[in-house]
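Below: the structure, in structure tokens.
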Amino acid sequence: MCGIVGIVSEKAFSSRTLLERLKRLEYRGYDSYGVFDGREVRKRIGGIRVEGRGRSTAGIAHTRWATHGGVSERNAHPHLSCDGRIAIVHNGIIENYEEIKKDLVRKGHSFASETDSEVIAHLLEDLLRRRSIEEALPALIRALAGTFAVLIMIKGRDKIYAIKRDSPLVLGTADGRTILASDIYAFSDWTNRAAFFDNDEIAVVGPDGHRFFDRNGKRIRKPLRTFRWEEERTGKRRAKHYMLKEILEEPSVVRRLLFSLGHDQKPAFHKLLRLIRRSRKVIFASCGTSYHATLLGAYYLHQVGMEVQTLIASEFRHFAKVDRDTLIVAVSQSGETMDVIDALKYAQANGGRIVSIVNVPHSTIQRMSELSLNILAGPEICVASTKAFVNQAALLLKLAQAFGFKVNCDNLPDRIQTLFKARAKIKAIAERIARSKDAYIIGRGLTYPIAREIALKIKETSYIHAEGMMGGELKHGTIALIESGTPVVSLINNNDADIISNTKEVEARGAKIFILTNHPTLGGSEDTVHIKTGNDGKFGILAAVAGQLIAYYAADALGRPIDKPRNLAKSVTVK
Ligand code: M6R
């Protein structure tokens, strides 16, 4: 949440360049933004407008997802010190900001915003009264409690100072430019070489290059690493939104993943199988859409007699019993979700072993893991996750297959492509659902996780209240909410008699039924999407794709800001 970026260059660049880079991080937060080009601060509410005047050799910028203080220009970053000489941008939460602020107010500081972040600029100003910058930065790290990735500029110096703890920060180099950013997407079209900050590290970046220091100010070596981050094609191209573009990319990203699991990632995949076999207990930890993928994975593994547990990461420490024989499998698109990181820290402290399945290479979760597999979905820009979910699920399906689950994974890309032929029908269904204020999605077994995932997609993108439920649970309460015309989407795998009964129960109470099924003779013509696939578990993934399209077209019919829904951020780096 919040994106920060800074550039130091041998040659002068315009604010436009800085804003272009910031725009690539807009999915991290988009309520307001600001830049500092070494001379002045400019801030705005709303989406980033790439425009620029003035040139400089260093600048920092920030796109915000509000935590402390409402959405206003004065709460937008960068924040300045009292004397206006120090400008900072911050991602994270300073937990002891009230204490620091009180102390600084006593010393005569006055504050312009309601944010926790502003104290960083003021505290540094105070520390610099008695220290050089080289001494002040370690002191600043020691004084701050909480999470932070901070970029600092001092007026009149063409340098950026960076400090980090628990919030992501990376450094890339390209053609005489050094770029600091919250994630590699800020510069992955410029370079595939980057250094990844560890906690309590400091970097000083000037036109002559960069140097890293530890929390005591001692110089450390940090090699640049090469990362693989395949972009399908930049921009939305012909698709109206990134969400649609990313859904349409699913056949090709699944193909890429399946190929990789049989080739370059084969040794890692086999190591994961060995680790699972040797562990007494396996627990998945994840959030949101990634959690739904693990729920599906747990279903697949259960079919071959394996007992795995899956927990929502923010509740992990309350429900997981971890010891040295426990393997924790973290699943995360961004690899930066704070709730997952927190669960992993808890697991590590209790002796658990950590492996992960991530999309963003070299992300924090990947670096915390003894083994990590990449889902290779490439950059996912729409805040609502689609292609990453499909590749997470495909990887977990391959895992179950390796343990004996009977499935043909190779034709999954073609099956998704075939499903796209039903887009017009799916759109018509979505437009009917869009007329309602509520929707219910029901499934059982294989399709229960998918019911939850489709409901989440509908909520995020269209703002329609949607509940994804176990079909069997409806009659235990929620059925009270079914009225004449309430849309219910039923996910029916292979003529499953129980979910068919649950569907009939709501239909009898006036619900408007829509069906997604792989059974060729079920349902009516207009309200049923027949998905071509057998009874081998792939229906779960394909129904999720159909649900993603329902969510997309419903949101489009309602004119929602599909790629950047209100209140959300792509990478949730706060607890
Ligand atoms: O990056 P992660 O997979 O760890 O993110 C987890 C959730 O925040 C994420 O899936 C979220 O639910 C998305 N907005 C879903 O579309």
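Order of listing sets the numbers, starting from 1, for every ligand and every atom in it. Bear in mind the structure is a predicted one, so any value in this text is a computation, not a measurement. One-based numbering along the sequence shown.
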Specify whether Tyr300 and Phe405 have parallel, tilted or perpendicular ring planes, treating 30° as the upper limit for parallel and 60° as the lower limit for perpendicular.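 Rings of Tyr300 and Phe405: tilted, as their planes differ by 30° to 60°.
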
Fit a plane to each ring of Phe196 and Phe227, take the angle between them on a 0 to 90° scale, and name the class: parallel (under 30°), tilted (30 to 60°) or perpendicular (over 60°).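 Ring orientation of Phe196 relative to Phe227: perpendicular.
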
Sidechain N-carboxylate O distance under 4.0 Å for Lys570, Asp183: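 Salt bridge: no.
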
Pair Asp414 + Arg255, salt bridge at N-O below 4.0 Å: yes

Would the distance check show the side chain of Arg367 and the main-chain N or O of His362 forming a donor-acceptor pair, the cut-off being under 3.5 Å? yes

First-shell residues of ligand 1 [heavy atom, distance under 4.0 Å]: Cys287, Gly288, Thr289, Ser290, Ser332, Gln333, Ser334, Thr337, Val383, Ala384, Ser385, Leu456, Lys457, Glu460, Val572

Is any side-chain heavy atom of Ile416 closer than 4.5 Å to a side-chain heavy atom of Leu412? yes

